[in-house]
There are 4 protein chains.
Amino acid sequence: MTGAADKRPRTKPAEIRRDELMDAAESLFLRKGFAATSVGEIVAEADVAKGTFYLYFKTKDDVLDALRTRFIEGFCEKLDLALAAGDRDWSGRIDIWVRTCVNAWLDSVARHDLVFHQHAPADRAMKADNLVILRLATLLEQGAQAGAWTIDHPRMVAVMLFDALHGAVDDSLAAKTPLSRAQLIALITRFYRRALAIDQG
Amino acid sequence: MTGAADKRPRTKPAEIRRDELMDAAESLFLRKGFAATSVGEIVAEADVAKGTFYLYFKTKDDVLDALRTRFIEGFCEKLDLALAAGDRDWSGRIDIWVRTCVNAWLDSVARHDLVFHQHAPADRAMKADNLVILRLATLLEQGAQAGAWTIDHPRMVAVMLFDALHGAVDDSLAAKTPLSRAQLIALITRFYRRALAIDQG
Amino acid sequence: MTGAADKRPRTKPAEIRRDELMDAAESLFLRKGFAATSVGEIVAEADVAKGTFYLYFKTKDDVLDALRTRFIEGFCEKLDLALAAGDRDWSGRIDIWVRTCVNAWLDSVARHDLVFHQHAPADRAMKADNLVILRLATLLEQGAQAGAWTIDHPRMVAVMLFDALHGAVDDSLAAKTPLSRAQLIALITRFYRRALAIDQG
Amino acid sequence: MTGAADKRPRTKPAEIRRDELMDAAESLFLRKGFAATSVGEIVAEADVAKGTFYLYFKTKDDVLDALRTRFIEGFCEKLDLALAAGDRDWSGRIDIWVRTCVNAWLDSVARHDLVFHQHAPADRAMKADNLVILRLATLLEQGAQAGAWTIDHPRMVAVMLFDALHGAVDDSLAAKTPLSRAQLIALITRFYRRALAIDQG
DNA sequence: TATGAATGAGGGTTCATTCAT
DNA sequence: GATGAATGAACCCTCATTCAT
């Protein structure tokens, strides 16, 4: 029986195992949807036993939460980087914000949909914690203080601008003839500038 | 035992039975969520046998679709009514649109969330068929032709405005200290006017 | 509402209705198998209401029984006709019997399988009533009395010959390279003659 | 309450579990028929949870297949043993074949009917793979080569002989006054000898 | 004679989770 | 840390049959 399947447990650093499990889950979720993916498939993809999964996650839902956190963190990192590297001018910052968001979005729509829409009762409260919106609100506030624009309710306007961008990208993706990335960015930027009453560059 | 089971089939007009089933389903879905509600519970609530459910709906998912259609139709009706009764002035029409949407929304958030977010693979394409957006796009276009505003891409702007409103309402609902209905309407109307470059009344 | 579906009940002679129902059932059973065919499909095919079915048959199984009877009767008729028209010579009668059976069989395998194998716990006792075997047994007995052959147990030999033929035809049908009709008949006839110790013509 | 539910999983070697499940299924199928037996009853009889069944069989049909395979293997074993132990004489071998088959058959009619007739669309093609027929055909061919008899089409004759035996045993079982085992064997053996034109011993 | 809405028992199957090893 | 056999509640759906009209 020397040819028998390699049964020896191969202990790995927890961090790695956890990531492998998450990768497996994400890949499967992306392909088949959250509900349609079973824990059995996840562990098969990750090449571990059923029980191992429950060593790292309390429930199946738990992985999705972890995936969401990981996604948001990645997104914010990109945003911070772009903003830090970019213009000091307020109007320019808005441009950067739009450009970065659209690009990041388009590069990971599926992933985004997965972690935000695939499960959970559309947890309305979640948006309150949306770090991306928080960042935009802060940006708007700072710009207002600097006199770049006037805003009655930064938080709310941030929400509206965020959802407008979100919606535009989604819609373009669903359209029979999607806009080009550049067109989309231009369009949204124009919308943002108007909504903030910034002089159209 | 006055409650002895009444076995005789009580035929009802199909339309009524179907509505009763839908009402039962909606009520349950609202309370417990779509996935957490079983067909068994629905028929119990509607006081019919299990098989009867499948006389009117092909699958469990089918009811949700029916619910969505019913919801959209009701919404559009309200919108059309308000628009027909209201101002002839373009700017005023936008105001009406915003007011009607926010109100209708707030009056049926739960129902809205149910039919739009609770299930379905976040059907992105669905938005393409969103009648409400369609109506707004038309409104924008007509206003543009009438010279009330200028718009580069009516459809896209409609999408962005729609999602902005949608997001604002949602956010307010989730907030620890929600805005008043009037405040919300005022805020969004202001946003719309700016985005359309209408003179702030 | 003049265009509404023609609701008027069109009473038909019972005999006809019953036949239509049987035809519909047979056609469906042949296409999809007995178990996989629902009463609902039968009545749809026969273009009557569910209840009408139960006016003519006590249960679903009942139709299959009726179908079987109809099949056997048809088969026996053919046999009787061929035998009556044919040879007076005993050996020739056996030939006719084989030829007629093989032909009739090949012309209606599907139907035969349906009524004999598709349902029922392989009702062993049914064979006792098999009219075809009965006829063969009688033929054998008469031939024996006439001195055409000697047989220890006509009934049993009839059974064996019958099943031998049956098996041969079935096997040929399942074979990758089926025998021709003529070959099959020749082969079986030879087998019969040997088994009855008739001089090979 | 000594009978308090023992919840702890009692792991057993897969081979054993599988066999227990098969035994339970066979016993139930024999008693109530395949269709009338539910998976729930099987697992109850085998004293395992419902899910365990699906650990070993993909579907309910799957068990029946397994049962059939097990039956055929057992049958062939008996046949090989008897043939190996018996006569070297060709005519004697036929006798042994008949005797062994009849006996084995009578000892397990129910089981035989179960695995061959109870389900499946009377899978005609299955006979092509019938190992018992294959063995008989081989025997006939070897005998023919050895000059023990002449045969035009060994395969077909094997089929006919096999079905003749099969039919005879079935018929006897169904008869109001069944033949004795010895009578049956004698009768069939005589039939075989005639059909092969062997001198009646 | 014919209808068809209603019934509801019943079935097969899935899968997240546990726990003894 | 890792395993994977076992669990069992829960679920969706089918369909033969009935009966008031």
Side-chain angles (χ1 to χ4, degrees), chain A residues 7-14 17 35-44 47-62, chain B residues 5-14 17 35-43 47-61, chain C residues 7-14 17 35-44 48-62, chain D residues 5-14 17 35-43 47-62:
Chain A
K7 291 287 235 32
R8 287 168 302 147
R10 283 226 247 168
T11 303
K12 284 193 186 179
R17 260 287 130 81
T37 300
S38 71
V39 174
E41 291 170 306
I42 298 174
V43 298
D47 199 31
V48 296
K50 225 42 165 312
T52 305
F53 178 90
Y54 288 91
L55 245 31
Y56 292 94
F57 303 97
K58 254 205 306 299
T59 70
K60 186 184 162 194
D61 289 5
D62 213 26
Chain B
D6 186 355
K7 289 288 227 40
R8 282 166 309 141
R10 282 220 255 163
T11 304
K12 282 192 189 180
R17 260 287 130 77
T37 300
S38 74
V39 173
E41 291 170 307
I42 297 173
V43 298
D47 197 31
V48 294
K50 212 114 162 240
T52 304
F53 178 90
Y54 289 93
L55 236 37
Y56 293 94
F57 303 98
K58 256 203 303 298
T59 68
K60 188 184 161 193
D61 288 5
Chain C
K7 290 286 233 30
R8 286 168 302 148
R10 282 224 249 167
T11 304
K12 283 193 188 181
R17 260 287 131 79
T37 300
S38 72
V39 173
E41 290 169 307
I42 297 174
V43 298
V48 296
K50 245 344 185 347
T52 304
F53 179 91
Y54 289 91
L55 244 30
Y56 294 94
F57 303 98
K58 254 204 307 298
T59 69
K60 186 184 163 195
D61 288 6
D62 214 25
Chain D
D6 186 355
K7 290 290 231 38
R8 283 167 307 142
R10 282 220 254 165
T11 303
K12 282 193 188 182
R17 259 289 130 80
T37 300
S38 75
V39 173
E41 292 169 308
I42 297 174
V43 298
D47 197 32
V48 296
K50 210 106 159 252
T52 304
F53 178 90
Y54 289 92
L55 237 35
Y56 293 94
F57 303 98
K58 256 203 302 298
T59 69
K60 189 184 160 195
D61 288 4
D62 214 25

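The sequence lines fix the lettering, A, B, ..., with proteins before strands; numbering per chain opens at 1.
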[X] [atom1] - [N] [atom2] separation (whole Å):
{"X": "D:Glu41", "N": "E:dG12", "atom1": "CD", "atom2": "P", "answer": "9 Å"}
{"X": "C:Asp61", "N": "F:dT17", "atom1": "CG", "atom2": "P", "answer": "7 Å"}
{"X": "A:Leu55", "N": "E:dT18", "atom1": "CG", "atom2": "P", "answer": "12 Å"}
{"X": "C:Phe57", "N": "F:dC15", "atom1": "CZ", "atom2": "P", "answer": "20 Å"}
{"X": "C:Tyr56", "N": "E:dT1", "atom1": "OH", "atom2": "P", "answer": "6 Å"}
{"X": "C:Ile42", "N": "F:dC15", "atom1": "CD1", "atom2": "C1'", "answer": "12 Å"}
{"X": "D:Phe53", "N": "E:dC15", "atom1": "CZ", "atom2": "P", "answer": "17 Å"}
{"X": "B:Lys58", "N": "F:dT14", "atom1": "NZ", "atom2": "P", "answer": "11 Å"}

TODO: Could you tell me whether the side chain of D:Lys50 has a donor or acceptor atom within less than 3.5 Å of a complementary atom in the base of F:dT7?
DONE: no
Open item on the list: Does any part of the side chain of A:Thr52, heavy atoms only, come nearer than 4.5 Å to the side chain of A:Val43, both counted from C-beta?
Closed with: no
Open item on the list: Any non-hydrogen side-chain atom of D:Ile42 less than 4.5 Å from a side-chain atom of D:Phe53?
Closed with: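 Answer yes - side chains close enough.
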Task: Phosphate OP1/OP2 of F:dA6: any D:Arg17 side-chain N/O under 4.0 Å - done: yes
TODO: Taking only the side-chain nitrogens and oxygens of A:Thr52, find out if one of them lies under 4.0 Å from OP1 or OP2 of F:dT3.
DONE: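 Yes.
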Task: Residue whose closest nucleotide on DNA chain E lies nearer the 5' end, D:Ser38 versus D:Gly51 - done: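 So the residue in question is D:Ser38.
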Task: Most 5' of B:Pro13 and D:Thr37 on DNA chain E, judged by nearest nucleotide - done: B:Pro13
Nearest listed nucleotide, side chain of [X], among [options]:
{"X": "C:Tyr54", "options": "F:dA6, F:dT17, E:dA16", "answer": "F:dT17"}
{"X": "C:Thr11", "options": "E:dA16, F:dA16, E:dA2", "answer": "E:dA2"}
{"X": "B:Val48", "options": "E:dT7, F:dT17, E:dA2", "answer": "E:dT7"}
{"X": "A:Lys60", "options": "E:dG12, E:dA16, F:dC13", "answer": "E:dA16"}

Task: With A:Tyr56 via ring pair (Phe, Tyr, Trp, His ring centres under 6.0 Å) - residues at least two apart - done: none
Task: Base-paired stems that DNA chain E participates in, counting runs of 3 or more Watson-Crick or G-U pairs under 3.5 Å - done: E:2-21 with F:2-21
Task: Counterpart residues, side chain to side chain contact (heavy atoms under 4.5 Å, CB included), relative to C:Tyr54 (two or more places apart) - done: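 Expected list: C:Val39.
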Open item on the list: So, using side chain to side chain contact (heavy atoms under 4.5 Å, CB included) as the criterion, who are the partners of D:Asp62 when residues are at least two apart?
Closed with: D:Phe57, D:Lys58, D:Thr59, D:Asp65
TODO: For C:Gly40 and for D:Asp47, find the nucleotide of DNA chain F with the closest heavy atom, then tell me which residue's nucleotide is more 5'.
DONE: D:Asp47
Task: From NZ (C:Lys12) to CZ (C:Arg17), nearest 0.5 Å - done: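 Separation between the atoms: 5.0 Å.
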Open item on the list: Please check this pair: side chain of A:Lys60 against backbone of A:Thr37, looking for a donor-acceptor N/O pair closer than 3.5 Å.
Closed with: yes
